[in-house]
Amino acid sequence: MKRVALLLLALNLFGAMILNLSVQESNNRVDLILNFDIPFDGKIVQKKEKEKIILYLPDVKILAPWQKKLNTPFVYQIEVLPAKGGSNVLIYTTKKVKIFAARSKDGFSLKIGIKNPIPTTSAKSSFNIGVNWKWIAIALVTLLIFLLLLKLLFGRSKPTKTKTIHVQNPKTSEFQIKFEKPLDERNKIALISFKGIDYLVLIGTTNVLLGKYKEGEIGSLEEFESAIESQDISQAMRPAPQDEIFTTIEEYKRKASGEL
């Protein structure tokens with residue numbers, strides 16, 4: 001019995017030995033759990049290096065190096081290696097993390113927690129879900145214009161007046177197709193009124209703003225036809241070469257925002 005007691009005392013003098021290790025992973029945290037043959041006294045020395053954190057456990061032995069590769073976005077590998085007078089826990093990180101440790105009540109287990117301080121993607125997603133009524137209104141107006149263009153392409157075949165359509169979200173905006181005229185199976189010319197300004201547009205194989213007019217300046221079919229005759233329709237219907245696309249867009253912007 002005395003020999004057994006002396007042997008146990010000798011082992012205690014050399015410190016605790018790591019019997020096994022396990023890792024638990026989650027979105028924002030990784031836990032490394034170490035189990036010892038005798039109670040661990042809780043001494044840990046931390047040292048930070050580039051993309052690596054070293055935790056030195058004095059008087060703790062490990063018989064062979066241990067390594068674990070992880071799939072988390074903030075810690076990609078953990079190693080436990082024998083060191084002089086103890087063992088080193090190497091934590092390889094891609095960003096700054098928080099380290100904390102907790103010992104079990106009996107001292108036979110030690111949990112080393114590695115926490116990602118950056119919020120998870122799910123938290124970001126919940127933040128982005130917030131309703132932005134401004135963009136909803138813009139989307140509704142864009143959808144309305146798209147539906148009006150479809151109506152122009154596949155609607156009536158003769159110049160005629162159409163009904164006024166009102167959209168109220170969040171503010172009332174009034175669009176009115178005053179006149180329209182088919183040029184061929186795929187192209188039409190229309191006079192669209194929006195907020196006191198009339199727009200003469202070519203719609204079809206190419207969409208071109210032909211002109212802007214004050215409200216009431218074109219009030220009859222004859223004036224509509226006259227406005228069409230004053231335009232170079234064949235030139236407007238001609239697709240622009242690839243190297244002239246930027247110029248065409250700039251010209252469109254100039255016409256759309258110019259003074260009457």
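- Rounding to the nearest 0.5 Å places CD1 of Ile78 at 5.0 Å from CG of Leu32.
- Scanning all heavy atoms of the two residues, the minimum distance from Pro39 to Phe108 falls at CD-CZ, 3.6 Å.
- For the pair Ile192 and Val201, the minimum side-chain heavy-atom distance is below 4.5 Å.
- The line from CG of Leu209 to CG of Leu200 is 8.0 Å long, rounded to the nearest 0.5 Å.
- Residues Leu55 and Ile91 meet the side-chain proximity criterion, which asks for heavy atoms closer than 4.5 Å.
- The aromatic rings of Phe224 and Phe179 lie parallel to each other, their planes meeting at an angle below 30°, with 60° marking the opposite boundary.
- With a 6.0 Å radius and a threshold of 12 heavy atoms from other residues, nucleotides or ligands, Phe146 has its CZ atom at or below the threshold.
- In plain terms, the two heavy atoms of Lys178 and Ser193 that are nearest each other are CE-CB, 3.7 Å.
- With respect to the salt-bridge test (charged N to carboxylate O, under 4.0 angstrom), the residues Glu217 and Lys214 do not qualify.
- In this structure the side chain of Leu110 never reaches within 4.5 angstrom of the side chain of Ile33, judged on heavy atoms.
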(message) Set out, in order, the CA-CA distance, both residues' side-chain angles and the distance that settles side-chain contact (heavy atoms from CB on, under 4.5 Å) for Val89 and Ile53, then state yes or no.
(response) CA-CA 8 Å; Val89 178; Ile53 298 174; over 6 Å; no
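- The line from CG of Leu34 to CG of Leu57 is 7.0 Å long, rounded to the nearest 0.5 Å.
- For the pair Glu25 and Leu70, the minimum side-chain heavy-atom distance is below 4.5 Å.
- To the nearest 0.5 Å, atom OH of residue Tyr76 and atom NZ of residue Lys69 are 8.5 Å apart.
- Residues Trp66 and Leu19 do not share a hydrophobic cluster, clusters being chains of Ile/Leu/Val/Met/Phe/Trp/Tyr side chains in contact below 4.5 Å.
- Counting heavy atoms from C-beta on, the side chains of Tyr213 and Ile197 never come closer than 4.5 Å.
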(request) Show the numbers, then the answer: is there a side-chain contact (heavy atoms from CB on, under 4.5 Å) between Gln24 and Arg29? (result) CA-CA 8 Å; Gln24 297 176 353; Arg29 178 171 165 173; over 6 Å; no
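- Using a distance-only test at 3.5 Å, with no hydrogens or angles considered, a donor-acceptor pair links the side chain of Thr94 to the main chain of Pro73.
- Under a hydrophobic-cluster definition in which Ile, Leu, Val, Met, Phe, Trp and Tyr are linked whenever side-chain heavy atoms come within less than 4.5 Å, directly or via other members, Ile54 and Ile112 are assigned to different clusters.
- Although no hydrogens or angles enter the test, the distance criterion places no donor-acceptor pair under 3.5 Å between the side chain of Lys111 and the main chain of Arg103.
- Under a hydrophobic clustering in which Ile, Leu, Val, Met, Phe, Trp and Tyr are joined whenever their side-chain heavy atoms come within less than 4.5 Å, directly or via other members, Leu149 and Ile177 fall into the same cluster.
- Rounding to the nearest 0.5 angstrom, the gap separating the CG atom in Asn35 from the OG atom in Ser22 is 6.5 Å.
- Hydrophobic clustering (ILVMFWY, side-chain heavy atoms < 4.5 Å, transitive): Val30 and Leu21 are in one cluster.
- A donor-acceptor distance shorter than 3.5 angstrom exists from the side chain of Asp37 to the backbone of Met17, with no hydrogens or angles considered.
- Counting non-hydrogen atoms of neighbouring residues, nucleotides and ligands closer than 6.0 angstrom, the CD atom of Gln67 exceeds 12 such neighbours.
- Side-chain N or O atoms of Ser87 include one that pairs as donor or acceptor with a backbone N or O of Val60 at under 3.5 Å.
- A distance of 6.5 Å separates CZ of Phe74 from CG of Asn28, quoted to the nearest 0.5 Å.
- Residues Ile62 and Ile44 are members of one and the same hydrophobic cluster, defined by side-chain heavy-atom contacts under 4.5 angstrom among Ile, Leu, Val, Met, Phe, Trp and Tyr.
- Defined by atom type and a distance below 3.5 Å, a donor-acceptor pair is present between the side-chain atoms of Glu79 and Gln77.
- Residues Lys212 and Asp198 are not paired through a salt bridge, judged by the lack of any N-O separation under 4.0 Å between the basic side chain and the carboxylate.
- Residues Lys68 and Val23 approach most closely at CG-CG2, 4.0 Å, considering heavy atoms.
- Listed here is the closest heavy atom pair of Leu90 and Lys52: CD2-CD, 4.0 Å.
- Looking at heavy atoms from C-beta onward, Glu51 lies out of side-chain contact with Tyr92 at the 4.5 angstrom threshold.
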(request) Could you go through the side-chain contact (heavy atoms from CB on, under 4.5 Å) check for Ile114 and Lys98 one step at a time? (result) CA-CA 6 Å; Ile114 309 153; Lys98 293 182 178 180; over 6 Å; no
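- Heavy atoms from other residues, nucleotides or ligands lying under 6.0 Å from NZ of Lys43 number 12 at most.
- Panel note: side chain Ser226, backbone Glu222; no donor-acceptor pair is recorded below 3.5 Å.
- The two atoms that bring Leu81 and Pro65 nearest to each other are CD2-CB, 3.5 Å, heavy atoms only.
- Without hydrogens or angle criteria, Glu223 side chain to Gly219 main chain gives a donor-acceptor distance under 3.5 Å.
- Contact check for Ile189 versus Glu180: no side-chain heavy atoms found under the 4.5 Å cut-off.
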